[in-house]
Amino acid sequence: MSEPGTYRSVPGRIDLPVMEREILDFWRDRRVFERSLEATADGEPWIFYEGPPTANGTPGAHHVEARVFKDVFPRYRTMKGRHVPRRAGWDCHGLPVEIAVEKELGFAGKQDIEAYGVAEFNARCRESVLRHVDEFTVMTERMGYWVDFDDAYWTMNTDYIQSVWWSLKQIFDAGLLVEDHRVSPYCPRCGTGLSDHELAQGYETVVDPSVFVRFPVTSGDLVERHPGVALIVWTTTPWTLVSNTAVAVKPEAEYVIARTANGEVLVVARDLMSSLLGDDAVVLESLTGRDLERVSYQPPFNLVEIPDAHYVVLAEYVTTDDGSGLVHQAPAFGADDLAVCRAYGLPVVNPVRSDGHFEESVPLVGGMFFKKADETLVADLTERGLLFRHVPYEHSYPHCWRCHTALIYYAQPSWYIRTTAVKEQLLRENGATNWFPPTIQWGRYGDWLTNNVDWAVSRNRYWGTPLPIWRCTEGHLVAVASLTELGALAGVELSNLDPHRPFVDDITFDCATCGAVATRVPEVIDCWYDSGAMPFAQLGYPHRNVAEFEQSYPADFICEAIDQTRGWFYTLMAIGTLVFDRSSYRNVVCLGHILDEQGRKMSKHVGNVLEPVPLMDEHGADAVRWFMLAGGSPWQARRVGHHSIADVVRKTLLTYWSTVSFQSLYARAANFEPSITVVPPPAERPVLDRWALSEAHRVAAEVDAALESFDTQRAGRAISSYIDDLSNWYVRRSRRRFWDGDPAALGTLHECLRIVTLVIAPFTPFIAERVWGDLFASTSPDEPESVHLSRWPAVDLGLIDPDLVAQVELTRRIVELGRGARAEGKVRTRQPLSRALVSASGWDTIDPELAAQVAEELNVLALDSLSGQVADELVDVVAKANFRALGQRYAKDTPRVAAVIAAADALSLARSLRETGTVSVTVDGLGDVSLTSDDVIITETPREGWSVASDAGASVALDLHLTDELRRMGTAREIVRMVQEARKSAGFEVSDRIELWWWSEDADITAAMAEHSAWIAGEVLATTVVANRPDVEAFESGDADLGVGIAVRRTTD
RNA sequence: GGGCCUAUAGCUCAGCUCGGUUAGAGCGCUUCCCUGAUAAGGAAGAGGUCGAUGGUUCAAGUCCAUCUAGGCCCA
């Protein structure tokens, strides 16, 4: 423990993961998260909704990404005084869980589940959810995501389900929850239809057979005119040819009857003739699609009975871009097909069972899985000479998002929420939503809403919220909003009933309309509905917590990755709009995906998944967090790997840490006590202190603004560049003052670090907490014990001084140039030079303290201004046009003005500008043109005997002439350096006093020592300097090239 | 086929909103310098037809159009 008033000792090196474990303990022991909520209890609420992760499988790096963003904004808002309740949630239901359990039990499909028993199966599902939740909890706590697990919502809980039921009843009563028979994507393995947003998750690129089949024409005058004529019909699903019912053509499109080189007569769209029939096909007749209507043909198979069918129908959706322009129709397996065939009164024949296999009674393919039948059927067509062409066709085809089985489009009864009926409201709500990044709003998401289709919400499964609709034998329907309501209908006490299947299925009652027995419809609902209902269901609304719900709707902030546009972002908005006529969120942050170091999507199949906990245990959670927040744009897909994470640790976190360690080291040495030691007011501190403070306040304001607009990258850039400035300019330039324990310097760095620590706290809560404890909480009784209980720093605009910022920028630029000039002149920096000449705009009015810094950095004894003070004949002057300034005034004529400037006598131009501020030049066609110093960039460079560096109008020239005196000063500095090395090697503390010995045969060394030994002693903290080899034990060192030996020993007192 | 995003150094990315004549940073590489916090820092160098083409403009990495490639989403 440290004594009150002083900093704790901060080691130079830090093991981030170890430190983080300590902080986690601290947070737990001191209930910091809970207290941060208590402390803001009176603050204006800032509502956050946690998108519940599916409690299935193990968490991956993408979960960390979303959770970092879900954490940083609530922390930030809390520091701004807002009250941000954060309730965790778990998505418990759904196919993913069922599939995982099926796998564990070795099941092959629904029959196995039925045989096993639904009650037992669902019990296993519940158990699986509880098991996987733990892994998420561990990861979540490790990364420092503050969210309340104790009060978490579970979509499988009875109260939650009753809320969902209530909302479904609202929708049902509004006439927007209806049963319909439609063609929809269906997973034959899982035995259930899929909603469109589930469909969106599972497109995979596959190669299917694309076949062109001859359908010989059997009727009409077409056959009389062209005996043997056949339609060329295209499909990529040969297995549906078994149920071929019709052929569709586009009514307005042009079709041809053509004879091929080998004498066949075929019908195809004109646009596709040459690609299908070759260039030597001869057109016999040209006609429109409409002319082909009702032409009958011989179906490709006669395996199933399809009465009154097999003729050409018209359909607008047919295109002539692809295939043959004649499209095979199987109404049971395509939404378009069904609509078209219904219009002609054609029958819907479906020989495929719900498990995806053909009926046993079908010849040739009976019992076969639908996809597997392709090969057999194509072979049969070939044998019978009907196959015209067969090419592999690569396209993306929907697959089941969980089990990867190819989906089948299949006509079956299903419950729909008629979201298309509220499309206008959805578009209105979307318009009122702030999207980050904004392109999603009317791009990807708006597009999806515009093309909205009804939500197929029922599932023929087991582990899900049961659809709360009862139907009597006469077909009357009633929706139920709670167990109480159900109990009243059934005349039994049901408040303790598990609302899941199979228990709820046993509840029946008499129909209120007709008295017949009503039983529940068999379906459960899409688990996406569960998660979309969380704004009210997490509170059990309206059965409970009515007031709390009303205060927490809608959310101020939600955040997930971009794949949720059609998932949670949609269901949340859709349910909110359906039930409350208002979307459930105002601001939504939509993250790009995390990719591996090669830019590939992370997946278990590829084996490139980054395990979150080991990743954080290696680099630290702060490192992972900082990378996610500040390393690249959050909106964009980003590559993440060990390398890039290690990089931000070194670049930002360790630099911050070492600055803190530095401050602690010297402040403790000087007995600096932040709340006691008297520090001069900012206005009376040295210019660099004022600069550091000015920048700190500017950065705090910048980070604040960036976080307001959810831009963590911009905020992160501001913070890390300030940390770099602080460490590599402010501290480096002010080191001497820290050695001397200057209260102004220590006080300044204290204040600057306080601001950095506060603004970085939401990003990297661990290291900020540690620094807070070591430097701030321990030194001031007024500061809270946790940085996360502190308020966002107050920005003092009065301390922000743009002119100072510009001056320091100029100083640093001059120093850079000077170093360049030294390198050019091949003179090492330790060798002092007599003077440097500087020329730059603004240099003449620079603060003398800053000029002194330049002299020190460049190790020159004197610094002069190049312009004005030195005779013009010593310098070369170059004048260049400033296009930005001139362009605005002269537009087209700019190049001519520029040319005149370049050609003019630069020396007199410069002199005139310097003396009068303007200069007049003559430009062809413009006459006399008056220029100011803004219009011209003057670069002055000295001539002989100097080493010069110039850039954008600034120059630094070094006088390379060395006197003996300068050489001796250089030698003294060499010796200081040598002694410092020796001190370090000997393991002395920086504040240790030493005895110093030296010996040399070299006359120059001896002379330098004679002249500078007092100065050297001061630099290296030597109490005595002896011109001899030591006769006691001491640490010896030396430099053969220089011809000197030294020895050091710690003073004993 | 449609929508959105992306394309800048060997690698990872800024810069583009609001056009300005030498396009930046970090990592890596070469040489050198500096160091009483920082396995740090600095200077110089090698490395760019700013995806391609066309257009607007006195001036285009930046604005417009078209195209190409990749990614995501949808058909």
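Residue numbering restarts at 1 for every chain, and letters A, B, ... go by the order of the sequence lines. The basis for the numbers below is simple: all heavy atoms, side chains too, and nothing from hydrogens, waters or symmetry mates.
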Rounded to whole angstroms, how far apart are [atom1] on [X] and [atom2] on [N]?
{"X": "A:L16", "N": "B:A39", "atom1": "CG", "atom2": "P", "answer": "13 Å"}
{"X": "A:K250", "N": "B:G1", "atom1": "NZ", "atom2": "P", "answer": "16 Å"}
{"X": "A:I723", "N": "B:A40", "atom1": "CD1", "atom2": "C1'", "answer": "15 Å"}
{"X": "A:D992", "N": "B:G36", "atom1": "CG", "atom2": "C1'", "answer": "11 Å"}
{"X": "A:L749", "N": "B:U38", "atom1": "CG", "atom2": "C1'", "answer": "13 Å"}
{"X": "A:N859", "N": "B:A43", "atom1": "CG", "atom2": "P", "answer": "17 Å"}
{"X": "A:Q564", "N": "B:C4", "atom1": "CD", "atom2": "C1'", "answer": "18 Å"}
{"X": "A:W448", "N": "B:C72", "atom1": "CH2", "atom2": "P", "answer": "18 Å"}

For [N], the Watson-Crick or wobble partner whose two distances fall under 3.5 Å:
{"N": "B:A37", "value": "none"}
{"N": "B:C16", "value": "none"}
{"N": "B:G61", "value": "none"}
{"N": "B:G28", "value": "none"}
{"N": "B:U56", "value": "none"}

Just to be sure I understand the rule, does [X] reach a base, reach only the sugar-phosphate, or reach nothing, if contact means heavy atoms closer than 4.0 Å?
{"X": "A:V731", "result": "base"}
{"X": "A:R973", "result": "sugar-phosphate"}
{"X": "A:W657", "result": "nothing"}
{"X": "A:T659", "result": "base"}

What nucleotide among [options] has an atom nearest to a side-chain atom of [X]?
{"X": "A:S727", "options": "B:G36, B:U38, B:C34", "result": "B:U38"}
{"X": "A:R735", "options": "B:C58, B:U35, B:C34", "result": "B:U35"}
{"X": "A:T894", "options": "B:G36, B:C58, B:U38", "result": "B:C58"}
{"X": "A:L1021", "options": "B:U35, B:G36, B:A37", "result": "B:G36"}

Examine [N]: is either OP1 or OP2 under 4.0 Å from a nitrogen or oxygen in the side chain of [X]? Give yes or no.
{"X": "A:R732", "N": "B:U35", "value": "no"}
{"X": "A:R830", "N": "B:C34", "value": "yes"}
{"X": "A:R13", "N": "B:A37", "value": "no"}
{"X": "A:Y666", "N": "B:A37", "value": "yes"}
{"X": "A:K892", "N": "B:A59", "value": "no"}
{"X": "A:R819", "N": "B:A43", "value": "no"}

Can you see whether [X] engages [Y] through a side-chain donor-acceptor pair at a distance of less than 3.5 angstrom?
{"X": "A:S720", "Y": "A:Y656", "answer": "no"}
{"X": "A:T829", "Y": "A:N859", "answer": "no"}
{"X": "A:D724", "Y": "A:W729", "answer": "no"}

Report the relative orientation of the aromatic rings in A:Y570 and A:W448; use parallel for angles under 30°, tilted for 30 to 60°, perpendicular for over 60°.
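It falls in the perpendicular class, over 60°.
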
Just say parallel, tilted or perpendicular for the rings of A:F662 and A:F738, cut-offs at 30° and 60°.
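If you compare the ring of A:F662 with that of A:F738, the planes turn out perpendicular.
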
When you compare [N] with [M], how far apart are their [atom1] atoms, in angstrom units rounded to a whole number?
{"N": "B:C64", "M": "B:U56", "atom1": "P", "value": "15 Å"}
{"N": "B:A23", "M": "B:A59", "atom1": "C1'", "value": "16 Å"}
{"N": "B:G51", "M": "B:U62", "atom1": "C1'", "value": "16 Å"}
{"N": "B:U57", "M": "B:U49", "atom1": "P", "value": "28 Å"}
{"N": "B:A14", "M": "B:U6", "atom1": "C1'", "value": "15 Å"}
{"N": "B:A43", "M": "B:C34", "atom1": "P", "value": "15 Å"}
{"N": "B:G48", "M": "B:A25", "atom1": "C1'", "value": "15 Å"}
{"N": "B:C5", "M": "B:A9", "atom1": "C1'", "value": "23 Å"}

Out of A:R732, A:R813, A:R812, which one pairs with A:E857 under the salt bridge (charged side-chain N to carboxylate O under 4.0 Å, His left out) rule?
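In the set A:R732, A:R813, A:R812, the residue that makes a salt bridge (charged side-chain N to carboxylate O under 4.0 Å, His left out) with A:E857 is A:R732.
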
Decide salt bridge (charged side-chain N to carboxylate O under 4.0 Å, His left out) for A:R1050 and A:E995; before the verdict, give the C-alpha distance in whole Å, the side-chain angles of both, and the deciding distance to 0.1 Å.
CA-CA 6 Å; A:R1050 221 184 314 223; A:E995 295 171 74; over 6 Å; no

Any A:L996 side-chain heavy atom under 4.5 Å of A:V979 side chain
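They are in contact (side-chain heavy atoms under 4.5 Å apart), so the answer is yes.
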
